[in-house]
Amino acid sequence: MFLPVKKSNKWFMISTVVFFVNIIAIFVSRSMLGLSLNSANIIALVGVCFVISLISSTGFFGIKILPTTVIIGNIIGIIYMYFIILGNRAQGWNDLTSLIGLLYFVALGIAFGGLMEIIYKLMGGNILMKKK
């Protein structure tokens with residue numbers, strides 16, 4: 001794996017990058033749809049982006065699999081969000097379905113990563129580092 005080591009300051013950089021990528025992706029998608037955002041919407045969207053960035057930086061605490069799956073789910077979710085918007089897949093509902101699609105894939109990344117992390121810990125944590 002190409003992840004930083006536990007307690008590395010690079011995890012804060014990963015968290016910051018994930019946060020700003022999500023902020024930019026969500027706000028660009030909202031502007032593409034011509035939506036006006038009030039302060040409550042902005043706070044909620046920033047909160048969602050903040051939570052996603054925190055979960056994707058859990059490697060700081062020594063979690064090995066979860067950050068990778070969350071970041072992969074996030075990337076797939078952003079692509080899916082733009083697929084819905086650009087393809088006009090849900091006419092009249094693009095704003096809601098695109099955001100739910102993003103959150104769905106992030107949730108899949110969290111669930112899959114959490115399950116794999118539990119299996120990894122139960123198997124002794126040396127599956128990835130097995131020596132022959």
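Not measured: the values here are computed from a predicted model.
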field: Heavy-atom check, side chain of L45 versus side chain of L99, under 4.5 Å
entry: yes
field: Which residues share a side-chain contact (heavy atoms from CB on, under 4.5 Å) with I75, sequence neighbours left out
entry: I71, I79
query: Taking only residues two or more places apart in sequence or in another chain, which ones pass side-chain contact (heavy atoms from CB on, under 4.5 Å) with K121?
result: E117
statement: The single option from V18, I26, L54 that satisfies side chain to side chain contact (heavy atoms under 4.5 Å, CB included) with C49 is I26
All side-chain hydrogen bond (donor to acceptor under 3.5 Å, both in side chains) counterparts of N94, not counting sequence neighbours: N88
For [X], the rest of its hydrophobic cluster, which grows through side-chain links under 4.5 angstrom:
| X | answer |
| --- | --- |
| L96 | W93, I100 |
| Y80 | I72, I76, F83, I84, Y104, F105, L108 |
| I118 | L122 |

- prompt: Under 4.5 Å between side-chain heavy atoms, hopping through other hydrophobics if needed: is there a path connecting L35 to I43?
  reply: no
Where [X] and [Y] come nearest, the two heavy atoms and their spacing:
| X | Y | result |
| --- | --- | --- |
| G77 | L102 | C-CD1, 3.5 Å |
| T97 | A90 | OG1-CB, 3.5 Å |
| P67 | S56 | CB-O, 3.4 Å |

message: Just to verify, what does Y82 make a ring-ring contact (aromatic ring centres under 6.0 Å, His included) with, not counting sequence neighbours?
response: none
With rounding to the nearest 0.5 Å, note down the distance linking [atom1] in [X] to [atom2] in [Y].
| X | Y | atom1 | atom2 | answer |
| --- | --- | --- | --- | --- |
| I52 | L103 | CD1 | CG | 6.0 Å |
| T58 | I110 | OG1 | CD1 | 9.5 Å |
| Y120 | L115 | OH | CG | 15.0 Å |
| I85 | L33 | CD1 | CG | 4.5 Å |

task: Using atom types as modelled and distance alone, determine if a side-chain donor or acceptor of S8 lies under 3.5 Å from a backbone N or O of P4.
output: no
task: State whether the side chain of T69 and the backbone N or O of G109 hold a donor-acceptor pair below 3.5 Å, judged by distance alone.
output: yes
Residue pairs involving residues 3-60 (criterion ring-ring contact (aromatic ring centres under 6.0 Å, His included); sequence neighbours excluded): F12-F60
- request: Among residues two or more places apart or on two chains, list those pairs meeting side-chain hydrogen bond (donor to acceptor under 3.5 Å, both in side chains) that have a residue in residues 20-35.
  value: N22-N74, R30-S98
